[in-house]
Engineer: 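What follows is a structure written as C-alpha cells; I'll ask about it next.
Chain A is the first sequence line, chain B the second, and so forth, proteins listed ahead of strands; every chain is numbered from 1.
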Protein chains: 2
Amino acid sequence: MTDKDPTIDDVARLANTSVATVSRVLNDKGYVSGDARIRVEKAVKELNYQPRVVTRDNVQKNLRHVGILVPDMNNYFYPLELMGIEDELEKKDYSILLCNTYEKVEKEKKYIANLLKKDVDGIILVGSRSTISYNEHIIDLAEKIPVVMTNDYIIGSCVYSVMIDIVNGAYKAVSHLIGLGHRNIAIINGNIEYSTFASKQEGYQHALEDEGIKIQNDYIVSEVPYEAGGFAGMKRLLALEKPPTAVFSASDQIAVGGISAIYQAGLRIPEDISLVGFSNIPLSEHLHPSLTTIDAYPYHTGKLAAETIISVLNHKEQDQRKIILEPRLIERNTCQRITEN
Amino acid sequence: MTDKDPTIDDVARLANTSVATVSRVLNDKGYVSGDARIRVEKAVKELNYQPRVVTRDNVQKNLRHVGILVPDMNNYFYPLELMGIEDELEKKDYSILLCNTYEKVEKEKKYIANLLKKDVDGIILVGSRSTISYNEHIIDLAEKIPVVMTNDYIIGSCVYSVMIDIVNGAYKAVSHLIGLGHRNIAIINGNIEYSTFASKQEGYQHALEDEGIKIQNDYIVSEVPYEAGGFAGMKRLLALEKPPTAVFSASDQIAVGGISAIYQAGLRIPEDISLVGFSNIPLSEHLHPSLTTIDAYPYHTGKLAAETIISVLNHKEQDQRKIILEPRLIERNTCQRITEN
DNA sequence: TTGTAAGCGTTATCAG
DNA sequence: CTGATAACGCTTACAA
C-alpha cells in the first residue's frame with residue numbers, strides 16, 4: 001500500500017501552476033500554453049497521477065456506468081450477450097455493473113434501487129421476462145433513466161428493445177422440418193409465461209397451421225429450458241404411443257438434453273428423429289451430430305443493446321424504440337428428410 | 001425523465017432541520033431526537049429521496065466496488081465462477097465492475113488502469129494466466145489494492161489466491177483410468193504456457209509414472225481448450241497407429257469436442273474409448289454418455305474469492321494467502337474397465 | 001492564457 | 001441533541 005494517491009493539487013504544485021490549468025490539460029479543454037502543458041504533463045508522469053474519476057463524475061453527474069441485469073448465467077446465451085454488451089460499452093469507456101437476478105423480481109428490484117443509488121447512467125435488462133405483470137417497476141424506471149431490454153419488450157413504455165423476431169425464428173425451424181417431409185413434429189418448450197417461449201410456441205403453431213397440419217397437444221411439452229428439461233421432455237415424447245419424427249427445441253440447451261435422451265433410448269439422430277435447436281450458442285456446432293438451429297445472434301444482440309443505450313445517453317435521436325433482428329436457420333446435421341411412413 | 005433528483009438539502013428544508021441531522025438519521029449515527037427523526041423520515045419518503053452514494057463514497061473513499069477481470073465468457077467455467085463471486089459480493093453490498101480481457105494483456109492493463117481510476121476497492125482476477133512473464137503489473141497492482149486471483153497464483157507476491165489443486169485433480173482423473181485397467185492413456189490439453197494446463201500435464205505424468213507406465217509423446221496433444229480443440233485433438237489421437245483406450249480431457253469443453261470426434265469415427269463411449277473431463281460444468285452431466293469428470297468447484301471458487309476479498313477489505317487477518325481446494329472425481333458414464341488388449 | 005474561487009452532494013467535526 | 005461549517009477531489013465560471 002503506497003502512502004497516498006497524488007491529487008490534482010500535488011500536480012499543480014509540482015508543475016508550478018494552478019489546478020485549473022492541470023484540469024484543462026487533462027481534459028483538453030480551454031486554452032493552455034504549450035509551456036504549461038508540458039510542465040503539467042511532466043508532473044503528471046512524475047507523480048503517476050490518476051484522476052479520481054469518481055469525483056469528476058460527481059461534479060459532472062456523468063458517471064459512465066451502466067447496470068446490467070442478467071437473469072441467469074447458466075443460460076449460455078447470456079454470457080455471449082454480455083460479451084457483446086461489454087465490448088461495445090468498453091469502447092466508449094462505460095463500465096458495467098453486473099447483477100445476477102436469478103429471475104427473482106425481488107432481487108431485481110433491490111438491484112435496481114442499488115444501481116439508482118450508484119447513479120448509473122442507464123440500465124440494460126437482459127433476457128426475456130415473465131409476461132404476468134411485474135413490469136410496473138420497469139416502466140417507472142424507464143421514466144427516470146434510459147432502459148434497454150433484450151429479447152423482450154414492454155409495449156407502450158419508453159423502454160428500448162433489441163430482440164430477434166422469435167415467432168418467425170420458431171416458424172423457420174418448424175417449416176424446415178415440414179419441408180423435409182415431417183408431419184409429426186413436437187416442441188420442447190419452456191414456460192410460456194415468458195414471452196420468449198410464448199413466441200416460440202406461436203411460431204410453431206403457425207408453421208403447422210400454414211401447412212394444414214393438425215396441432216397435437218401431446219406434442220407440446222413444457223419443461224425447464226435447460227438440458228435437464230430437454231432430457232425429461234424428450235423422454236416424455238418418446239414414450240408417446242406415436243412419438244414424433246422431429247422435434248423443435250426451444251433452446252440449444254434443451255436440445256442437448258434431448259439428444260441425450262434420444263441416444264439413451266437407443267435411437268439415432270437424424271435417422272430416427274430430427275432435431276432443431278434455437279439460439280446458436282457455440283456449443284451447438286460441436287455436438288454430435290452438430291445441431292441444426294436458429295441463429296438468435298446472442299453476441300450481436302448484446303452489441304446492439306449497448307449501442308442503443310449509448311446513443312440514447314448521448315441524446316441522439318433514435319429512429320425506433322425497438323430493434324428487431326431477423327433470425328436465420330443454420331443447417332447442420334440433426335435433420336433428415338423423412339423416409340418411411 | 002423527472003425534473004431533478006432531490007438532494008439532502010431538500011430533505012433538510014422540508015424536515016425543517018439541517019443536513020447534518022438528515023445525514024445522521026440516514027446513517028444511524030450520532031444522537032437524533034425521535035421527533036427530528038420522524039420529521040426527516042417523513043420528508044425522505046415524501047420526496048422519495050435517494051442519497052447519491054457516489055458522493056458519499058467520494059468523501060469516505062469507500063466505494064464498495066470490486067473489479068472483476070474475466071478472460072473469456074466462452075469458457076463455461078467463468079460464468080459459474082462469476083455467479084459465485086456476485087452472490088457473495090452482493091450480500092455485502094459490493095458492486096461488480098465487469099471486464100472482459102479476452103486474455104489480452106494489453107486489454108487487461110487498460111482495464112486495470114480504468115478500474116483504478118474508478119477507485120475500486122479491490123480486484124478479482126479470474127482464471128489461469130500465461131506463465132511466461134507479464135505478471136509484473138499484477139504484482140505492482142497488488143501492492144496498491146487487494147487483489148485475489150482464482151485458479152492461479154503468483155508466488156512471493158501479496159496476491160491472494162483461491163484455487164483447486166489442479167495437479168492432484170489431473171492425477172485423480174488419470175489414476176481412475178489406470179485403475180480401470182487402461183495403459184494407453186492420452187491427454188488432450190491446452191497450452192502449457194498457462195499454469196492450469198501445465199499442472200494438468202504434470203498430474204497426468206505423475207499418475208502414469210507412479211504406475212510405471214511409460215509416457216508417450218504422441219499421447220500428449222495440445223489444442224485450444226474448447227470444443228474445437230477437443231475435436232481436433234481426438235481426431236489426431238484416433239489417427240495414431242495405436243490409438244489410446246482412454247483420454248483425459250483438460251476441460252469439459254474439450255471433452256465435448258472429443259466425444260463428437262469419437263462418434264464421428266464410428267466408435268462408442270465408453271466401450272471403445274474411455275473419457276474423463278475436468279471442471280464439472282453443469283453441461284457435463286447432460287451429455288451422452290454423461291461425462292465422468294473432475295469437480296473443480298467453479299461456483300465455490302468464485303464464492304471463496306469474493307469472501308477473501310471482503311475480509312481483506314475489512315482488514316480481517318487472513319490466515320493464509322492461498323486457499324487450495326481439493327478436487328474430486330465424479331464418476332459418470334464415460335469410463336469403463338478395459339476388456340480386450 | 002492563467003489562477004481564484006465557487007460549486008457538486010455528501011459526511012465529519014465541533015461548538016452550542 | 002443540533003446545526004454551521006469544513007472537507008473530499010475535481011471542474012469550470014469568471015476575473016485578471
Engineer: Hey, what are the protein-to-nucleotides 13-16 of chain C N/O distances that come in under 3.5 Å?
Structural biologist:
none

Engineer: Where do B/Arg39 and B/Asp35 land on the salt bridge (charged side-chain N to carboxylate O under 4.0 Å, His left out) test, with the steps shown first?
Structural biologist: CA-CA 6 Å; B/Arg39 290 205 316 279; B/Asp35 186 45; 3.0 Å; yes
Engineer: My understanding is that only residues two or more places apart in sequence, or in another chain, count here; which of them pass salt bridge (Lys or Arg N to Asp or Glu O under 4.0 Å) with A/Arg13?
Structural biologist: A/Asp10
Engineer: Are side-chain heavy atoms of B/Val19 and B/Asp9 found at a separation under 4.5 Å?
Structural biologist: yes
Engineer: Roughly, in whole Å, what's the span from NZ in B/Lys117 to P in D/dC10?
Structural biologist: 12 Å
Engineer: What is the separation between atom CG on A/Asp9 and atom P on C/dT4, rounded to the nearest whole Å?
Structural biologist: 12 Å
Engineer: Hey, is the side chain of B/Thr17 poking within less than 4.0 Å of OP1 or OP2 on D/dG3, counting only N and O atoms?
Structural biologist: yes
Engineer: Quick one about B/Asp87 and A/Tyr102 (side-chain donor to acceptor, distance below 3.5 Å, no hydrogens or angles considered), yes or no?
Structural biologist: yes
Engineer: Specify the separation, in whole Å, of atom CG of B/Leu26 and atom C1' of C/dA12.
Structural biologist: 15 Å
Engineer: Ring of B/Tyr153, cation from B/Lys322 - is the NZ or CZ under 6.0 Å from the centre and inside 45° of the axis?
Structural biologist: yes
Engineer: Measure from the side-chain heavy atoms of B/Ile8 and tell me the nearest of C/dT10, D/dT11, D/dC10.
Structural biologist: C/dT10
Engineer: Scan side-chain atoms only and decide if B/Arg64 and B/Tyr94 contain a donor-acceptor pair under the 3.5 Å cut-off.
Structural biologist: no
Engineer: Closer than 4.0 Å, any side-chain N/O of A/Ser18 to the OP1 or OP2 of C/dG3?
Structural biologist: yes
Engineer: Starting at atom NZ of A/Lys118, determine the distance to atom P of C/dT10, rounded to an integer number of angstrom.
Structural biologist: 15 Å
Engineer: Could you please name the option among C/dG9, C/dT11, D/dC10 that lies closest to any side-chain atom of A/Tyr49?
Structural biologist: D/dC10
Engineer: Please determine if a side-chain N or O atom of A/Thr21 lies less than 4.0 Å away from the OP1 or OP2 oxygen of C/dG3.
Structural biologist: yes
Engineer: Going by heavy atoms closer than 4.0 Å, what residues in residues 27-47 of chain B are next to DNA chain D?
Structural biologist: B/Tyr31, B/Val32, B/Ser33, B/Ala36
Engineer: Distance check: side-chain N/O of A/Ser23 vs OP1/OP2 of D/dT11, anything under 4.0 Å?
Structural biologist: yes
Engineer: Whole-Å distance between D/dT2 C1' and B/Asn16 CG?
Structural biologist: 13 Å
Engineer: Rounded to whole angstroms, how far apart are CZ on B/Arg52 and P on D/dC8?
Structural biologist: 19 Å
